[in-house]
2 protein chains.
Amino acid sequence: MIILDYKDTRPIYEQVVEKFKLLILKGVIQKDEQMPSVRSLAVELSINPNTIQKAYAELERQGYIYTVKGRGNFISDSKNLLDERKEELKNRMVLLYKEGKELGMTKADFIGRLQEMEE
Amino acid sequence: MIILDYKDTRPIYEQVVEKFKLLILKGVIQKDEQMPSVRSLAVELSINPNTIQKAYAELERQGYIYTVKGRGNFISDSKNLLDERKEELKNRMVLLYKEGKELGMTKADFIGRLQEMEE
DNA sequence: TATACTGTACTATCACAACTAATACACATA
DNA sequence: TATGTGTATTAGTTGTGATAGTACAGTATA
């Protein structure tokens, strides 16, 4: 279901969180579907169950999944999460622009680069 | 000359590098001007000289400053560096856009947000 | 009820990075 | 020569990421 990148310098649990966030936001895994169990995913990825546990705890904290003790972890409703994520991306772009502005760049510099890409 | 943010989770030496890169690119410190000495800056920021040393080594590696043993660290010519930095910012924005595209966002979403800002 | 799944909690240990601390050495210059 | 530069080295502290092992509690089902 997910693949780890060992060249990536980020912590493993962060990668796991990131991958699942994408799968959930893109709708690949849907509302109330069951997540792989902590132990099975640990075996599949050849890492320690505690690391998966940490990733799941983070996903729950951020509202992406919910836990039912003794049964497993399940996907939350991601409608609002998707909108929040889109806002976050736009805000990060504004921060980039502000950084560029300090160096003498204009909106047109950024917009131009976007427009010259194929959609 | 610079101020550290202890709420920032990044390493101190990275913050020092970042702050000086901005000062140099913006022309606040100019070509051949002298950097504060490792020891004096360490005292000023109340951190260890080795940490400053690490930051300066990184700045030199990236071409922002040059070292004269026994005399001090001095600012390099930043003409090309500025252009490179602008390119880097535009590339980071492209990455943001690609991330958003996976979630169903369009160029217009990003461009719109930029345009509704006052210049 | 017994068994086998779930998640959760805790402790111990290892590795590594960031940072501090102290010291020593080499070069430049007034 | 004295003082201020950068550089190098070694040692120790702290925090984080990850592994390892164990134990416990809730759920489902044969």
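Everything numeric here is computed off the predicted structure, so don't read it as measured data.
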**Complete:** Protein-proximity profile, nucleotides 19-30 of chain C, B/S/- by nucleotide at the 4.0 Å heavy-atom cutoff, equals SBBB-B--BSS-
Report yes or no: does [X] contribute a side-chain atom to a donor-acceptor pair with the main-chain N or O of [Y] at less than 3.5 Å?
X	Y	value
B:Lys86	B:Leu81	no
A:Gln115	A:Phe110	no
B:Asp109	B:Thr106	yes
A:Glu33	A:Gln30	yes

**Message:** If you take any heavy atom closer than 4.0 Å to DNA chain D, which residues from residues 29-37 of chain A end up in contact?
**Reply:**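 Contacts with DNA chain D under 4.0 Å: none.
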**Prompt:** According to the side-chain hydrogen bond (donor to acceptor under 3.5 Å, both in side chains) rule, which pairs have a member within residues 38-50 of chain B, sequence neighbours left out?
**Reply:**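 Residue pairs passing side-chain hydrogen bond (donor to acceptor under 3.5 Å, both in side chains), neighbours aside: B:Ser37-B:Ser40.
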**Asked** Taking atom P of C:dT8 as reference, at what distance in whole Å does atom CG of A:Leu59 sit?
**Response**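 Taking atom P of C:dT8 as the reference, CG of A:Leu59 is at 12 Å.
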**Asked** Which whole-number value in Å describes the distance from B:Glu58 CD to C:dA17 C1'?
**Response**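 Rounded to whole Å, this separation is 15 Å.
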**Boundaries of the DNA chain D segment in contact with chain A, non-hydrogen, under 4.0 Å** =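 Span of nucleotides near chain A: D:dG17 to D:dA28.
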**Message:** Do B:Tyr64 and B:Ile75 have side chains that approach each other closer than 4.5 Å (heavy atoms only, starting at C-beta)?
**Reply:**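 A side-chain contact is absent here, since even the closest heavy-atom pair is not under 4.5 Å.
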**Item:** Apart from B:Val68 itself, residues in the same hydrophobic cluster as defined by side-chain heavy atoms under 4.5 Å
**Value:**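 Besides B:Val68, the cluster holds B:Tyr66, B:Phe74.
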**Item:** Salt bridge B:Glu116-A:Lys90, side-chain N to carboxylate O under 4.0 Å
**Value:**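 Looking at B:Glu116 and A:Lys90, the cut-off is not met.
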Just distance, no hydrogens or angles: give the donor-acceptor pairs under 3.5 Å from side chains in residues 9-22 of chain B, sequence neighbours left out.
{"residue": "B:Arg10", "atom": "NE", "partner": "B:Asp8", "partner atom": "OD1", "Å": "3.4"}
{"residue": "B:Arg10", "atom": "NE", "partner": "B:Asp8", "partner atom": "OD2", "Å": "3.3"}
{"residue": "B:Arg10", "atom": "NH2", "partner": "B:Asp8", "partner atom": "OD2", "Å": "3.1"}
{"residue": "B:Gln15", "atom": "OE1", "partner": "B:Asp5", "partner atom": "N", "Å": "3.0"}
{"residue": "B:Gln15", "atom": "NE2", "partner": "B:Asp5", "partner atom": "O", "Å": "3.1"}
{"residue": "B:Glu18", "atom": "OE2", "partner": "B:Arg85", "partner atom": "NH2", "Å": "2.8"}
{"residue": "B:Lys19", "atom": "NZ", "partner": "B:Ile3", "partner atom": "O", "Å": "3.2"}
{"residue": "B:Lys21", "atom": "NZ", "partner": "B:Gln62", "partner atom": "OE1", "Å": "2.8"}

**Prompt:** Does a nitrogen or oxygen in the side chain of A:Gln53 sit under 4.0 Å from OP1 or OP2 of C:dG7?
**Reply:**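 For C:dG7, neither OP1 nor OP2 has a side-chain N or O of A:Gln53 closer than 4.0 Å.
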**Prompt:** For A:Lys98, does the NZ atom have more than 12 heavy-atom neighbours from other residues, nucleotides or ligands under 6.0 Å away?
**Reply:** no
